[in-house]
Colleague: 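Please see the structure below; I have some questions.
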Number of protein chains: 2
Amino acid sequence: MRLSEGVEWALHSCAVLALLGPDHTLPATRLAEFHGVPAAYLAKHLQQLSRAGVVESMAGRRGGYRLARPPAEIRLLDVVEAVEGSERAFRCAEIRRRGPSAVSDDQYSPVCGIARAMWRAEAAWRAELARQTLADVVGVMGREVSPEAVAKAAAWFQEVVR
Amino acid sequence: MRLSEGVEWALHSCAVLALLGPDHTLPATRLAEFHGVPAAYLAKHLQQLSRAGVVESMAGRRGGYRLARPPAEIRLLDVVEAVEGSERAFRCAEIRRRGPSAVSDDQYSPVCGIARAMWRAEAAWRAELARQTLADVVGVMGREVSPEAVAKAAAWFQEVVR
DNA sequence: GTCCCTATACTCGGATAGCAAGTGTCCGAGTATAGGCGG
DNA sequence: CCGCCTATACTCGGACACTTGCTATCCGAGTATAGGGAC
């Protein structure tokens, strides 16, 4: 099991957009530059976030991305599902119904016990991601980051934001 | 994010071995036949289970697989990690340290706040998988499966077990 | 009848191809802007 | 001086190659068994 690298990029990008506030936009190129990742590929993930309604895209000369809602209303789950999709990680192929001991379909419980157990764990994962918002994460980061880093980032924002 | 199909096969195979009890073994071929899956590929996963100490392999003419411990002592997490590996799903590439606003390494908190948030969710997932044992799952399945299916499976066992 | 030996058939185990999904990139469509022109 | 229009430069968005890891398979090494022979 492996989460797409794009999830990390998306989360960091959203964090930056949260710091920027609702009055400014940042183009994909700048976000990529800030994180040192390929611009074209990050753009792909930002499009997914846009489609999912997590960020808003502004077209045109001074366009770019900004959060679609306040950070406190964006759950980490929203970001993760925007990139990874909302399909379940464990997919039940109903192998219990195959093989020589198979019986007629109506003899089986509606969902396989093994699948239920696995999905219970996934639900716990989702619940934890739903509990944490972007505001939480940004808050913690803001408390932990060093003053020098803050200054440097602020200077960069000054330079690129119009 | 997607779990390997082998996880499902491994779990079902372990459930069958649990029903079989510690006094019998079942070769990979039979397990594959019972579930209607490719034998050679299932064998690969059984090897992983064996390496992880979840099942024991008996070589020779009447060899096969059996559980290495009582079902109550086998956590679903053990089975899942045997197949999927114990690496984290979310991998922090430390992109916060890249880009134009990077500062010296000692300025950063030991682990990125975003990674910590993601790993918290993974911990919840693992905890839920660790809480449930093979005995739990088999117990539920035993209560849900229809009498006809039980009879059919028992007959098949009688036929193949020596 | 009992013990030992050998040949056998069966098992697991790791090394080897094929394919799908994630990774990375590009170019075209669309739009808000900036400047110039006319009134 | 003000308003409108047009050209522009910049943005996003979807369509196209490439690489990694999962899927699937095979064949060789090792071993407990079953049968036969000797005592």
Side-chain angles (χ1 to χ4, degrees), chain A residues 1-10 13 17 24-33 35-66 68 80 82-85 87 89-91 93 95 160-162, chain B residues 1-10 13 17 23-33 35-66 68 80 82-85 87-91 93 95 160-162:
Chain A
M1 186 179 53
R2 214 183 117 197
L3 259 75
S4 161
E5 204 175 0
V7 172
E8 183 184 5
W9 301 2
S13 295
L17 293 179
H24 300 284
T25 69
L26 211 55
T29 312
R30 295 299 178 194
L31 277 168
E33 183 187 342
H35 293 120
V37 300
Y41 191 29
L42 175 63
K44 196 180 176 64
H45 295 303
L46 289 171
Q47 286 163 33
Q48 293 177 294
L49 288 173
S50 175
R51 244 175 280 151
V54 174
V55 302
E56 276 177 352
S57 68
M58 298 287 156
R61 192 165 181 184
R62 294 182 63 181
Y65 289 98
R66 71 177 176 199
V80 172
V83 175
E84 281 289 325
E87 268 187 293
F90 181 88
R91 288 160 208 193
I95 65 174
V160 301
V161 166
R162 290 155 305 188
Chain B
M1 186 180 50
R2 212 183 117 196
L3 259 74
S4 162
E5 204 173 0
V7 171
E8 183 184 6
W9 301 1
S13 295
L17 293 178
D23 300 329
H24 300 283
T25 68
L26 212 54
T29 311
R30 295 297 177 197
L31 277 168
E33 183 187 341
H35 292 118
V37 300
Y41 190 31
L42 176 62
K44 195 180 175 65
H45 296 303
L46 290 170
Q47 285 163 32
Q48 294 177 295
L49 287 173
S50 174
R51 244 176 279 151
V54 174
V55 303
E56 277 178 353
S57 68
M58 299 285 156
R61 192 168 180 182
R62 294 183 62 181
Y65 290 98
R66 72 175 175 202
V80 172
V83 176
E84 281 288 326
E87 268 188 291
R88 286 193 263 239
F90 180 87
R91 288 160 208 193
I95 64 175
V160 301
V161 167
R162 290 154 308 190

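First the proteins, then the strands, lettered A, B, ... as listed; each starts at 1.
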Colleague: Determine the minimum heavy-atom distance between A/Ile95 and B/Trp9, stating which atoms define it.
Modeller: CD1-CD1, 3.9 Å

Colleague: OP1 or OP2 of C/dG14 less than 4.0 angstrom from a side-chain nitrogen or oxygen of B/Arg51, does that happen here?
Modeller: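 Yes, B/Arg51 has a side-chain N/O under 4.0 Å of OP1/OP2 on C/dG14.
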
Colleague: Between D/dT11 and A/Ser57, is there an OP1 or OP2 to side-chain N/O distance shorter than 4.0 Å?
Modeller: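 So the side chain of A/Ser57 is outside the cut-off, no N or O lying under 4.0 Å from OP1 or OP2 of D/dT11.
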
Colleague: With sequence neighbours left out, what residues match A/His35 under side chain to side chain donor-acceptor pair (under 3.5 Å)?
Modeller: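 Expected list: none.
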
Colleague: Could you tell me the separation between the CZ atom of A/Arg91 and the C1' atom of D/dT23, rounded to a whole number of Å?
Modeller: 14 Å

Colleague: Who pairs with B/Arg88 by side chain to side chain contact (heavy atoms under 4.5 Å, CB included), at least two apart in sequence or on another chain?
Modeller: B/Trp119, B/Glu122

Colleague: Could you pull out all residues at least two apart from B/Glu5 that satisfy salt bridge (charged side-chain N to carboxylate O under 4.0 Å, His left out)?
Modeller: none

Colleague: Base, backbone or nothing for each nucleotide of nucleotides 23-32 of chain C, written B, S, -, heavy atoms under 4.0 angstrom, 5' to 3'?
Modeller: BBBB----BS

Colleague: How many whole angstroms separate atom CZ of A/Arg66 from atom P of D/dC12?
Modeller: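 Nearest whole value for this atom pair: 13 Å.
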
Colleague: Rounding to an integer number of Å, can you tell me how far B/Leu49 CG sits from C/dC12 C1'?
Modeller: 14 Å

Colleague: What pairs with B/Ala68 under side chain to side chain contact (heavy atoms under 4.5 Å, CB included), at least two apart in sequence or on another chain?
Modeller: B/Glu56

Colleague: Applying side chain to side chain donor-acceptor pair (under 3.5 Å), name anything that partners B/Gln47, two or more places apart in sequence or on another chain.
Modeller: none

